[in-house]
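Below is one structure, written out as structure tokens, with a few remarks after it.
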2 protein chains.
Amino acid sequence: MLGIQTISRQRLGDKIADVLRNQILLGEMNPGSNIPERETAEALGVSRTPLREALLILEGEGLVIMAPAKSPVVANPTVNEITQLILVQSALEGLAGECACEVITTDELDRVQSMHQGLIAIADQAEALDFFSADMAFHEAIVAATKNLPLIKTHAQYNSRVWRARFMSSRRRVKKRSITLQEHANIVEGLVLRDKDQTSAALQQHLRDAITNIATVFANQENQE
Amino acid sequence: MLGIQTISRQRLGDKIADVLRNQILLGEMNPGSNIPERETAEALGVSRTPLREALLILEGEGLVIMAPAKSPVVANPTVNEITQLILVQSALEGLAGECACEVITTDELDRVQSMHQGLIAIADQAEALDFFSADMAFHEAIVAATKNLPLIKTHAQYNSRVWRARFMSSRRRVKKRSITLQEHANIVEGLVLRDKDQTSAALQQHLRDAITNIATVFANQENQE
DNA sequence: ATTATTTATTTGGTATACCAAATTATCTTG
DNA sequence: CAAGATAATTTGGTATACCAAATAAATAAT
């Protein structure tokens with residue numbers, strides 16, 4: 001039983017969705033594993049109705065697959081699907097870069113820069129998850145600076161869907177952290193110069209790299225089997 | 001009572017969502033109007049459970065706003081929100097254009113071209129809704145040609161959210177149909193040449209125009225009040 | 001007559017009950 | 001013992017019941 005029913009005006013289903021989403025992202029629920037409704041509801045100390053509500057939300061986000069007369073399942077995207085997802089993500093971040101150049105405030109820019117510095121600081125010793133999370137947060141901060149709510153939300157959803165695959169690939173150290181930092185430096189520079197093209201291109205480059213890295217990891221996995 | 005409960009393996013909630021989505025897009029439900037659960041459920045001849053499921057789906061798509069302890073409401077985006085939505089849409093279609101240049105088949109290209117010709121043919125006498133629908137279908141066909149499912153789905157959702165505003169603006173004839181046709185011609189040409197830059201740019205231009213046209217319509221509306 | 005207060009009612013949120021399809025286990029039959 | 005048929009059980013889908021918060025209505029006090 002988790003501490004879900006805290007005092008709040010948010011729907012239970014939303015909170016359950018948050019819990020499940022975290023479990024999925026953090027790998028506590030493996031891709032492909034079942035999410036039986038009664039069992040899960042009981043484990044969370046809630047009824048099936050809000051649990052189902054949460055599952056519907058996650059289905060809409062693409063994190064859960066619900067087939068008729070089958071237990072809901074944690075999404076388990078193929079390499080191709082992940083590639084497609086990151087392609088969209090790169091378009092979204094490209095737009096975010098352009099918009100950010102126009103509307104980012106100096107405060108927000110400072111924050112992005114300090115996040116970049118923070119990432120540099122921990123690059124030597126940080127755990128994979130910590131470094132990866134900080135990396136993601138850096139990108140989220142840029143997207144957030146656009147103040148474009150639909151963009152922010154859609155980007156966050158795509159982030160969720162590719163989170164695990166990107167984390168796996170970052171954990172394998174396929175990509176050197178130094179490269180990540182250099183790309184981030186380009187992005188920051190673009191923002192400082194308010195150069196749409198540079199910012200957008202740097203952000204997209206970052207994600208194109210992610211695609212090749214993930215493809216490598218998947219290829220290795222298949223060789224092992 | 002609508003003919004919802006036909007024999008099918010699809011969840012009731014999905015079908016209800018389809019019905020409501022159509023009603024919203026076609027203007028049978030006005031933006032801002034309430035969707036009381038019991039009343040609507042009864043009107044559709046279903047119980048509240050699947051109706052709520054449908055509302056959750058539509059909330060996820062941004063077509064319905066559900067606030068705590070208030071009746072669900074048909075989304076009523078402001079000009080700014082619509083502008084933001086179309087910005088994202090333009091990024092998505094830009095990506096679609098690039099991908100389509102790579103992966104579109106000759107059959108699909110033929111279909112796009114014939115849709116373009118069809119649009120030219122009806123431009124003189126078609127009703128606003130028919131012309132607009134055909135215009136939208138043309139764009140959807142291009143996005144579909146990418147075979148990128150997440151892109152297709154996300155694009156469709158953004159399409160839904162801006163549908164009404166774009167339809168209103170097209171109905172006011174703010175934009176001459178001849179301009180639309182010329183832009184479409186550029187898009188088709190880009191696809192035929194497999195020119196990513198031209199295709200992408202033409203698609204984005206199309207939507208940037210949409211933004212200014214919609215802004216005009218909204219400005220006129222406010223003047224009238 | 002107006003405002004404040006309280007009661008009634010409506011509404012969304014959650015839990016439970018029921019159903020049908022699908023799966024699994026059991027039993028029967030070759 | 002193996003294979004097919006049938007019964008039992010599990011699971012998701014839907015309907016109903018109940019609750020709490022919010023709103024509307026009615027009443028009382030100024």
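Within every chain, numbering begins at 1; the chains are lettered A, B, ... in the order of the sequence lines, protein sequences first and strands thereafter.
- The side-chain contact (heavy atoms from CB on, under 4.5 Å) search around B:Ser33 returns B:Met29, B:Val74, not counting sequence neighbours.
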Mind listing the N/O atom pairs, protein and nucleotides 16-18 of chain C, below 3.5 Å?
residue: C:dT16; atom: O4; partner: A:Thr49; partner atom: OG1; Å: 3.4

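- Contacts of A:Arg48 classified as salt bridge (charged side-chain N to carboxylate O under 4.0 Å, His left out), with partners at least two apart in sequence or in another chain: A:Glu37.
- Checking D:dT11, D:dT14, C:dT14 against every side-chain atom of A:Ser71, the shortest atom distance belongs to D:dT11.
- Counting to the nearest Å, the P atom of D:dG12 and the CD atom of A:Glu59 are 13 Å from each other.
- Remark: P of C:dA15 and CD of A:Glu53 are 11 Å apart, rounded to the nearest angstrom.
- To the nearest 0.5 Å, atoms CD1 (A:Ile214) and OG (A:Ser170) are separated by 9.5 Å.
- Counting only heavy atoms from C-beta on, A:Glu37 has its side chain closest to D:dG12 among C:dG12, C:dA22, D:dG12.
- Remark: A:Phe131 pairs with no residue by the ring-ring contact (aromatic ring centres under 6.0 Å, His included) rule, at least two apart or across chains.
- For A:Ala69 and A:Pro50, each mapped to the nucleotide of DNA chain C holding its nearest heavy atom, the one lying further toward the 5' end belongs to A:Pro50.
- Atom CZ in B:Arg11 sits roughly 15 Å away from atom C1' in C:dA21 (whole-Å rounding).
- The distance from atom CG of B:Leu51 to atom C1' of C:dT11 is 13 Å, rounded to the nearest whole Å.
- To the nearest angstrom, C1' of D:dG12 lies 13 Å from CG of B:Leu12.
- Evaluation of the salt bridge (charged side-chain N to carboxylate O under 4.0 Å, His left out) rule for B:Asp14 yields B:Arg11 as partners, not counting sequence neighbours.
- The CD atom of A:Glu42 sits 13 Å away from the P atom of D:dT10 (whole-angstrom rounding).
- Few gaps surround CZ on B:Arg177; more than 12 heavy atoms of other groups in view lie less than 6.0 Å from it.
- Taking B:Gln204 as the reference, B:Ser200, B:Arg208 meet the side-chain contact (heavy atoms from CB on, under 4.5 Å) condition, with sequence neighbours excluded.
- Rounded to a whole Å, the CD atom of B:Glu39 is 11 Å from the C1' atom of C:dT10.
- Rounding to whole angstrom units, CG of residue B:Leu55 and C1' of C:dT11 are separated by 13 Å.
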